[in-house]
K.L.:
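Quick one: the structure is below, questions incoming.
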Amino acid sequence: MALVYDLHSHSTASDGLLSPRELVTRAKQFGVDVLALTDHDTVAGLPEARAAAGEMGIALLNGVEISATWNRRTVHIVGLGIDPTNAALLAGLAQLQTKRRERAEEMGRRLEAAGFANALAGAQRYGDGRNVTRTHFARYLVECGAAPTVGDVFHSYLRAGKPGYVKTEWAALADAVAWIHGAGGRAVVAHPGRYDFTGAMLRAFLADFVACGGDGIEVVYSRCSPDMLRNNASYARQFRLRASLGSDFHDPTVPWVELGRLPALPGDLPPIWN
Ligand code: AMP
Ligand code: MN
Ligand code: MN
Ligand code: MN
């Protein structure tokens with residue numbers, strides 16, 4: 001039988017709700033054979049995930065999801081098969097973690113001004129307090145009664161033009177790819193259908209990604225419609241990118257996103273990992 005891959009997932013080292021060990025345990029329960037832990041701008045969860053994966057007999061790929069800025073827009077580049085001790089990668093991630101910290105402080109100030117007391121401390125309670133994402137603020141604002149769901153909080157408070165949004169210049173695309181390659185990994189465009197890009201912008205982005213030496217594109221992910229899957233597959237063919245698939249799992253209480261529960265990649269596409 002074909003192996004079950006899930007090459008995009010999050011733990012409490014970023015905005016996931018399960019610890020690395022809990023995540024690996026759940027992946028095993030759901031029949032995943034090869035899991036990548038890809039936390040936002042950090043590799044801190046990998047040692048615990050590695051230990052759990054060894055005990056449970058599941059293959060783990062060291063991963064990371066790097067926040068990058070292309071044409072003043074945020075994009076996510078997944079690194080797979082990285083050496084998490086690589087000095088240049090760690091230095092790059094440290095820069096991003098500093099930006100995250102500064103952004104979180106500014107978001108906290110703005111959300112306090114919008115009436116949410118102790119917003120930063122509240123957000124920090126939803127994680128280990130070190131690697132604060134917008135998801136952590138969203139969970140705290142749900143707790144405050146700002147909106148019923150995390151998605152609603154993003155819509156009303158955390159996207160561009162809303163009170164809690166702070167524009168951030170993340171890594172340059174070329175740097176993100178270079179850090180991943182320098183650490184021996186493969187660079188993959190995360191969830192191409194989730195950017196608010198026109199088709200022309202997405203093609204320009206993919207052309208720049210290829211020019212930077214990028215390796216792959218996520219063709220299959222959660223809530224990816226058959227139309228989106230077909231589009232992503234044709235981008236993979238057009239730009240000669242290897243195909244990846246990953247759930248982008250964060251939260252076991254969200255029923256429509258589960259580890260390892262994804263449609264198969266189209267058979268003609270070379271997979272990013274085998
Ligand atoms: P950040 O990197 O801190 O800006 O946070 C980005 C994360 O927020 C993404 O990885 C998602 O997990 C989450 N996110 C972004 N948009 C939404 C949304 N509309 N609903 C729920 N979660 C979202
Ligand atoms: Mn996330
Ligand atoms: Mn992402
Ligand atoms: Mn992700």
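Both ligands and their constituent atoms are indexed starting at 1 by order of listing.
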K.L.:
Can the ring centroids of Y195 and W70 be said to lie less than 6.0 angstrom from one another?
P.N.:
no

K.L.:
State the atoms of ligand 1, each with its element, that fall below the 4.0 Å cut-off from a heavy-atom position in R103.
P.N.:
1 (P), 3 (O), 4 (O)

K.L.:
What protein N/O/S atoms are there under 2.8 Å from the Mn ion (ligand 4), waters excluded?
P.N.:
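Within the sphere that stays under 2.8 Å of the Mn ion (ligand 4), the protein atoms of type N, O or S are H8 NE2, H10 NE2, E65 OE1, D248 OD1.
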
K.L.:
Please lay out, stage by stage, how H136 and D15 fare under the test side chain to side chain contact (heavy atoms under 4.5 Å, CB included).
P.N.:
CA-CA 7 Å; H136 297 100; D15 58 351; 3.9 Å; yes

K.L.:
What protein heavy atom sits nearest atom 22 (N) of ligand 1, and how far away is it?
P.N.:
F154 CE1, 3.4 Å

K.L.:
Relative to the heavy atoms of G151, which atoms of ligand 1 are at a distance of less than 4.0 Å?
P.N.:
20 (N)

K.L.:
Which single N/O/S atom of D15 lies at minimum distance from the Mn ion (ligand 2)?
P.N.:
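Looking at D15, the N, O or S atom with the least distance to the Mn ion (ligand 2) is OD2.
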
K.L.:
Can you find an N or O of H40 that's nearer than 3.5 Å to an N or O of ligand 1?
P.N.:
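Right, the criterion is met.
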
K.L.:
Would you say that more than 12 heavy atoms from the other residues, nucleotides or ligands in this model lie under 6.0 Å from the CZ of R130, or not?
P.N.:
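Open: at most 12 neighbouring heavy atoms sit under 6.0 Å from CZ of R130.
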
K.L.:
Within the 4.0 Å heavy-atom shell around T133, which atoms of ligand 1 are there?
P.N.:
3 (O)

K.L.:
Let me know which of L229, L245, V188 forms a side-chain contact (heavy atoms from CB on, under 4.5 Å) with V219.
P.N.:
L229

K.L.:
Would you mind listing which atoms of ligand 1 come within a distance below 4.0 Å of any non-hydrogen atom of H250?
P.N.:
12 (O)

K.L.:
Determine, stepwise, if the pair D248 / R194 fulfils side chain to side chain contact (heavy atoms under 4.5 Å, CB included).
P.N.:
CA-CA 12 Å; D248 204 3; R194 282 201 210 139; 2.9 Å; yes

K.L.:
Regarding E112 and R109, does a basic nitrogen lie under 4.0 Å from an acidic carboxylate oxygen?
P.N.:
no

K.L.:
Please examine the side chains of D6 and F30, heavy atoms only from C-beta on, and report whether any two atoms are closer than 4.5 Å.
P.N.:
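A side-chain contact is absent here, since even the closest heavy-atom pair is not under 4.5 Å.
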
K.L.:
Below 3.5 angstrom, do we get any N/O pair linking D15 and ligand 1?
P.N.:
yes

K.L.:
Side chains of K162 and H155: does their closest heavy-atom pair fall under 4.5 Å?
P.N.:
no

K.L.:
Can you list the atoms of ligand 1 that are under 4.0 Å from a heavy atom of T135?
P.N.:
7 (C), 8 (O), 12 (O), 13 (C)

K.L.:
To the nearest 0.5 angstrom, please state how far the CD atom of Q124 sits from the CZ atom of F137.
P.N.:
7.5 Å

K.L.:
Does a salt bridge link R139 with E143, judged by any charged N lying under 4.0 Å from a carboxylate O?
P.N.:
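No, this pair does not count.
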
K.L.:
Has ligand 1 got any nitrogen or oxygen that is less than 3.5 angstrom from a nitrogen or oxygen of R134?
P.N.:
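R134 vs ligand 1: N/O contact under 3.5 Å present.
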
K.L.:
Counting neighbours of CG on D268 that are heavy atoms of other residues, nucleotides or ligands and sit closer than 6.0 Å, is the number greater than 12?
P.N.:
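Check passes, neighbour count above 12.
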
K.L.:
Going by the order shown, which atoms of ligand 1 are within less than 4.0 Å of some heavy atom of R100?
P.N.:
1 (P), 2 (O), 3 (O)

